[in-house]
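Everything on this sheet refers to the single structure shown next.
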Amino acid sequence: MSPANPHETALLEDLNAPQREAVLHGDGPLLVLSGAGSGKTRVITRRVAYLVKVHDVYPWRILAVTFTNKAAREMRERLTQLLGAQANELVVSTFHSAAAQILRREAEHVGLTRSFVIYDDSDQLNVVKRAMREAGIESMQPREILHRIDQEKNAARLPEHMQVAPGDERGQLVRKVYAAYQERLRAANAVDFGDLLLLLVTLFRTRPDVLENYRRRFTHVLVDEFQDTNPVQYALLKQLAPPPSANLVVVGDDDQSIYRWRGADVDNILGFPRQYPGAKVVKLEQNYRSDQNILDAAHEVIRKNTRRMEKKLWSERPRGQTLDLLLNRDERAEAQEVARQILALQREGFIKLSSMAVFYRANAQSRVLEEALRLARVPYTLVSGRSFYDRAEVRDASAYLRLMVNPRSDADLLRIINIPARGIGDTTVERLTDFANARGVSLYEALSQPEQVPALNGAAVKRLKGFRNLLESLTAFAQTNEEAAGAVDQMLRETKLVETLLAEGSDEAQTRAENLREFLGAAQEFDLNRAAAAVAAAANPPPEVPPEVDAAPLTADVPALQAFLEQISLVGEADAEVGDGRVALMTLHAAKGLEFDAVFLTGMEENVFPHARAVKSETTFLSEDASADGEPSEEMAEERRLCYVGFTRARKRLFVSLAQCRSLFGELRYNAPSRFLRDVPSPLFGISEQELPEAPRPRVPSMPRRRPHDEDDGPRIDRSYSQASSDMDGVGGDVRGMRVRHEQFGVGRVVSADGNGPNAKVTVEFGGGVGLKRIIARFLMPG
DNA sequence: GATAGGGATCTTTTT
DNA sequence: GATCCCTATC
């Protein structure tokens, strides 16, 4: 190795042998199998820097993609440290962002305009519902259909490519709705998340000339967290960096694949050497992160999975402290205990708040934790990504903005047609929609001649005209104004959204109004960042570019408002600054790729983690003790990997926490300790076998908790649910004939019951001429 | 057509 | 426990 380049030494010096090998790898495909904490991100960023500084690869030739925004942001930060301003020319983003940017440039090839908008989950659901209504389909749940559409998209299949067996009626329905759904999206000049990838793959397939431009440009493609790619993403990669010899570097760990539910296919990483024959394979097996006790525990959990690539993580780190097991009565006690432990750690002085994190399986678990931390005055950051932009009033504001750039977006128009209330009710909307459908035009277009809409009275026509004028004025404004904040400000003014809320006078409306002001603030901040980036770009001399290659930033020429909207759709709110003295709260999924000195993994109970769905998948398809020696279900295997991810985030301290019972859905559940807990040998906790928590406690009968002060001791409608809360179905014989009381319907007798718990559906025969009613159990009192 | 209130339904994880 | 949906009432 010749030290010809002064950068070379600096970029390589603190790397171990395999890391170095990965960074130095020449041309051609490379698979880096990288165990948890083995310096994966470091390898990727060093390699990029090495390509730029030592091999003089233009930064704009490098495409580095990851899965989450957080990971992309972090990678960009690290690259900025290594490359300075040059890092701005790199394309570092998520799959979806990169695809959106390319798709915007090529919009006209796929039947869109450049100002297309991106529909999120709830927009999608609305479109599905409308498509179903139009087609007269009622036999399936919109959610299920949407889910299946998403699956098809993840698998890179358009409606015409769907494989449906002749007798599969539901499949036929899905295909029908899928086709109608796609038509509606195209008509609205909108795409969903899946389209971003699928449309691009389709474009590249049908227009090799377009693809060729990008191939010529991106001579180096790097993918982080490759184990989580789904078929569309992999197809895209293969197009941009075709086998067998492209410069494609994929980095990942099959043990950390946690997005199967989104179509991720572990086989992509397992089979990479077959897809790219001759690919170099480098294994990173030295862990630099976690103390040995933590690694051992993680290994004990993951080793029960069968299909894994051979990897043996080792570490030179000390054994460290044992894991801590926290056992509490319920989720509140658990949260308080976590808060206490955090404060204790902080008091000891070795671990800062900013290097502690609390993980949980599902977002719903965060609330109790937040409460406890707030009460204990522990500063925290909720790493959840989207919450702000998901608020109803903010979504309303976004809908207006999206209409300003793309008035054809029916979903947005329907959302705000009567917000604030302007007297356009359901009937009017329905007539308008029918009219638009009949003519095959967008609602916005239909609004231009409201007098032609059948059956509308004069008042309704007038209101529709007023609404159309508002939208016209806003779209006109958007065309002349170059700033996001300007557009938001104008929109808030003209729509009177804030005014209307303030006029309501309630505290809640007040908060909503403040959120809208904050939304304006977000736009202002966006403009500032954009301006700063423009200044930086201007200060940087433009790279010399061969004329036949397009080296422009992918986002060049995107108007500010559009860029702002895209950021809202794909990125959500920026995470609060890390390292500012706050404990991080997040889901296990959000934790991937991060590390902390101390980690609290909460809710370590069966049905919570592993999640109930995974538990169910196992008992329905396999023998009862499948986890002991049988093949684990794919879902359970993924939970296990998730647990592995959680454990391996911890550097020094790992607190594993569980509660004896917790209320889920407003109903008390007694769950057994998580099987993952029992996979960890007790000495790693520093305790003996007997001290491990036991199976669930005997169940205590409890009332539906509607009336806490009700002292009535009569027979309980949910007696049997509490005895069988998690594994039996049917309240059945236990309650038949039982006298119950309903606030409105009075006293009656139970005829039958369906399900268990406070949410069981109970059929009751009421007196007083009321007759039979189906009621949810929790609305009943023992009578 | 607006509004309020009751009832039903649902929820893993993220782009 | 939030959100959506329906119905009754004004």
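We name chains A, B, ... by the order of the sequence lines, and we start the count at 1 in each one. For the numbers below, each heavy atom of this structure counts, side chains included, while hydrogens, waters and symmetry mates do not.
When heavy atoms are screened at a 4.0 angstrom cut-off, A/D426 is found touching no nucleic acid atom at all. Using a 4.0 Å heavy-atom criterion, one finds that A/D121 contacts no nucleic acid atom at all. Looking at heavy-atom distances under 4.0 Å, A/S97 makes no contact with the nucleic acid at all. Heavy atoms of A/F95 sit nowhere under 4.0 angstrom from any nucleic acid atom. As judged by a 4.0 angstrom heavy-atom cut-off over every strand, A/L642 is placed among residues making no nucleic acid contact.
In this structure, A/R332 places its CZ atom where only 12 or fewer heavy-atom neighbours from other residues, nucleotides or ligands lie under 6.0 Å away.
One finds no side-chain N or O of A/N69 lying less than 4.0 angstrom from the OP1 or OP2 phosphate oxygen of B/dT14.
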Using a cutoff of under 3.5 Å, can you pull out all pairs of nitrogen or oxygen atoms linking the protein to nucleotides 5-7 of chain C, with atom names and distances?
from: C/dC5; atom 1: OP1; to: A/K129; atom 2: NZ; distance (Å): 2.7

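With sequence neighbours left out, A/K462 forms a salt bridge (Lys or Arg N to Asp or Glu O under 4.0 Å) with no residue at all. For A/D195, the salt bridge (Lys or Arg N to Asp or Glu O under 4.0 Å) partners at least two apart in sequence or on another chain are A/K153, A/R186. The ring pair (Phe, Tyr, Trp, His ring centres under 6.0 Å) test applied to A/F596 returns no partner, not counting sequence neighbours.
Checked against a 6.0 Å centroid threshold, the rings of A/Y259 and A/F67 do not count as neighbours.
Residue pairs satisfying the salt bridge (Lys or Arg N to Asp or Glu O under 4.0 Å) criterion with at least one member in residues 417-431 of chain A, sequence neighbours excluded, are absent.
Both stacking criteria are satisfied for A/W261 over the base of B/dT13: a centre-to-centre distance under 5.5 angstrom and an angle between ring planes under 30 degrees.
The cationic group of A/R104 lies under 6.0 Å from the six-membered ring centre of A/F116 and within 45° of the ring axis, placing it in a cation-pi geometry.
DNA chain B lies under 4.0 Å from no heavy atom of any residue of residues 454-465 of chain A.
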